[in-house]
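Inspection log for the structure reproduced underneath, given as structure tokens.
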Amino acid sequence: MHTVQKKVCLLGDFAVGKTSLIRRFVEGRFDDRYLSTIGVKISRKTVTRADHLLNLLIWDLAGGDDFSKASASYLRGAAGALLVCDLTRAATLDTLVDYAQ
Amino acid sequence: MSDPFEATNAAAAAPQPDGDPQFATLRAILLDEERRRIHQLEQETAALRATDQQQAESLAAQVQALQAEIAALRQTNQQQADYAAVLRTELTRLQEQLHTESQSLVPKLIQQMGFIIANTIRDKRDELAEALGPIMSDAIRVQIRDSRQEMVEALYPIILETVMKAVREFLREFQRNIDARLKSAFSLGGLLRRSSARLRGVSAAELTLRESFAFSLEELFLIQHDSGLLLAHHRASQEDSGDSDLISGMLTAIRDFARDSLGDGDDSQELREIEFGDERIIIQSGQYVYAAAVIKGIESTGFHARLQELVSELHIQHKPQLRDYRGDPATLPNLAPQLQTFAQSAVTPEAAVPPEMTSGQRWLLAGGAGIMLLLTAVACFYLQFTLALWPVAFGPTPTATPTVLPTATATLEPTSTLAPTATPTFILTPTATPTATSTPTYTSTPTPTATTEPTSTPSPIPSPVTVRGVWLRAVPDLDAPIGVALPEGTAVTILTQTGDWVEVVWEDADGNVQQGWLGVRWLAINGVPLSNEGE
């Protein structure tokens, strides 16, 4: 079957659960231990569509107070992005505006 | 005006006075044709009159219509003149307004023009390039012709950077080659290899490469710059070395991180090589994609240039597809074969296999090796001979050696390891052949064979004493467990010697005989140490 690749970035403040979200989506499991992501972690998830396979390369970017230039460069060529926040921390929702811009 | 035909007809039709019917018949025969002709002319005349009347009426009507149209045109002209005057007034007003508001209109226009240009570039990139290409080429040509100096100054930074990049690449490869040659040139194997290469008519580097096959291209990736998506991949072996998609992504992330963190904002500086264990990743970048080659060993000469040529060639062949790549490999179906072709050519020696040596060359090589061995043997013999004669020619005379130390030491040391010397360092220079190395007994009577020509009167030498507090050990080894401690100045009796160690016995305060090993440097006789090591 025909395969198409797409790059998707995961953005959000630190400790909102980006890596856990991806681990659950890609590996189907959850780990309650918290290990801060350094730099970027790339995972792959293949999704079957109607007429082709969608190969998602998910770039889990390290969250932080400062969305640095290095992190911004990771967004280049991305077909989409997921913005993640923690509903128990309102500040992480406010930060998403900065990420979206 | 009277009609002459009517008069003729009337005259013809009027009855003659004589009333002669024949005359009337004759007249009718002679004038009938004329009458019909006259009648026809009368009809034509009437028709012409009617036509003239109609044309006159038509012309009159056309004149009236033209007069009306002229009047309408005059009216329209007047209206247009009025409208032009209004437009002129409006234009004057707009010009005044433009003049007065130019400071604010220009930025707005620039912004709008920017949007328009940006949208055009994004949506109609190819059309824009095709449209502007000839114009820009002509403009550049004209600028170079008319303003050469200005163009040089404008292009100087770009050209300089390009040239410096090429020079850096060349120097890096040149240094790599020099290092590889130096490593192999000054070794015995290198000398033999060079000799063999000379005889076979190839360079030593080529021969080394062919013989060792140290260089191998393990994997080759073609990756999109921005997204890190893998466009094509080639692996030399069948074994799975990892997820190539994730490798390409992480490689791109590392490149981005290095450029953003270490590049100081200069996008032209890029990560070019990564080394891990015995593998290296060579990176050659293009406009839209870059190639990453995982290699082992020292790459062949020109490998970097060939990899760069591959990237450039792919850009020339597939530029639109590479630029617009959105993750669908079907748009670039021919990349994998090209990578495979390159990988195969990269590890194949360009030149043919060098010919084997002829029999004459082999004999020559064997003769050279024999001469080398003979010269080496002569050199060794000469060196040994020189070393053997050196003490005879320049050493001290040994005449006083036996006069100092008598053989009376044999009463204590039947092993004869203590040889007489001029200074009491006889332990190190035995002149006798020690034959009794068995377990010593105090009652044995040794045969003093070590005395060559003793002429002095033998006298007993004092027992060696410790020069400081020292531990006795069970075996002659520093790592051996320690036994009892000998205080400084303790007299001991030496039993045997092994290297720098001596086995001694001594009697403690309780009368118990202790035995063990200690370093010879801790013993002295009359204040003279038995070994010079400590000095």
Side-chain angles (χ1 to χ4, degrees), chain A residues 1-12 14 18-19 22-23 25-28 35-82 99, chain B residues 122 221-233 240-271 274 283 285-290 292 321-333 335-336:
Chain A
M1 188 179 288
H2 187 54
T3 303
V4 176
Q5 291 181 320
K6 293 294 178 185
K7 173 183 177 180
V8 179
C9 291
L10 210 61
L11 299 172
F14 66 89
K18 298 185 293 297
T19 305
I22 290 306
R23 185 182 294 123
F25 177 58
V26 175
E27 303 174 10
L35 292 174
S36 179
T37 303
I38 299 174
V40 60
K41 180 178 181 295
I42 301 176
S43 306
R44 184 174 65 172
K45 176 70 174 180
T46 302
V47 180
T48 303
R49 304 295 296 167
D51 56 346
H52 65 277
L53 294 176
L54 189 57
N55 195 11
L56 294 175
L57 292 169
I58 305 169
W59 289 45
D60 179 12
L61 306 183
D65 296 332
D66 179 24
F67 191 62
S68 63
K69 179 183 175 186
S71 299
S73 67
Y74 294 151
L75 297 177
R76 289 185 302 191
L82 294 175
Y99 282 109
Chain B
R122 184 191 60 198
F221 298 85
L222 192 66
I223 306 168
Q224 193 179 30
H225 259 302
D226 294 338
S227 64
L229 295 179
L230 181 65
L231 280 79
H233 177 229
D240 189 9
S241 63
D243 194 325
S244 55
D245 290 329
L246 298 186
I247 291 175
S248 61
M250 281 308 298
L251 198 56
T252 305
I254 292 170
R255 288 181 74 244
D256 291 342
F257 177 77
R259 182 174 56 240
D260 295 335
S261 302
L262 307 175
D264 297 330
D266 186 2
D267 290 339
S268 64
Q269 296 183 0
E270 291 184 340
L271 187 66
I274 298 174
I283 298 173
S285 183
Q287 186 177 3
Y288 300 113
V289 299
Y290 67 94
Q321 294 89 340
L322 294 177
R323 184 191 59 215
D324 301 329
Y325 185 73
R326 297 291 183 270
D328 188 359
T331 60
L332 291 163
L335 291 182

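Labels below follow one simple rule: chain letters A, B, ... track the order of the sequence lines, proteins then strands, and each chain is numbered from 1.
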Worksheet item: Applying a criterion of heavy atom separation less than 4.5 Å, what residues of residues 221-228 of chain B form contacts with chain A?
Response: D226(B), S227(B)

Separation of [Y] [atom2] from [X] [atom1] (nearest 0.5 Å):
X: T252(B); Y: R76(A); atom1: OG1; atom2: CZ; result: 10.0 Å
X: H2(A); Y: D328(B); atom1: NE2; atom2: CG; result: 3.0 Å
X: R326(B); Y: K6(A); atom1: CZ; atom2: NZ; result: 7.5 Å

Worksheet item: At a heavy-atom separation under 4.5 Å, does I42(A) approach chain B through its side chain, its backbone, both, or neither?
Response: both

Worksheet item: T3(A) and P329(B): which non-hydrogen atoms are nearest, and at how many Å?
Response: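 Shortest heavy-atom separation between T3(A) and P329(B) comes out as O-CD, 3.1 Å.
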
Worksheet entry | Where A253(B) and W59(A) come nearest, the two heavy atoms and their spacing |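 Minimum heavy-atom separation between A253(B) and W59(A): CB-CZ3, 3.9 Å.
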
Discussion item. If the condition is ring pair (Phe, Tyr, Trp, His ring centres under 6.0 Å), which residues does Y325(B) pass it with, not counting sequence neighbours?
Written reply: none

Worksheet item: Taking only residues two or more places apart in sequence or in another chain, which ones pass side chain to side chain donor-acceptor pair (under 3.5 Å) with E27(A)?
Response: R29(A)

Worksheet item: For R44(A), which residues count as a side chain to side chain donor-acceptor pair (under 3.5 Å) partner, sequence neighbours excluded?
Response: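 In terms of side chain to side chain donor-acceptor pair (under 3.5 Å), with neighbours along the sequence ignored, R44(A) is linked to D243(B), D245(B).
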
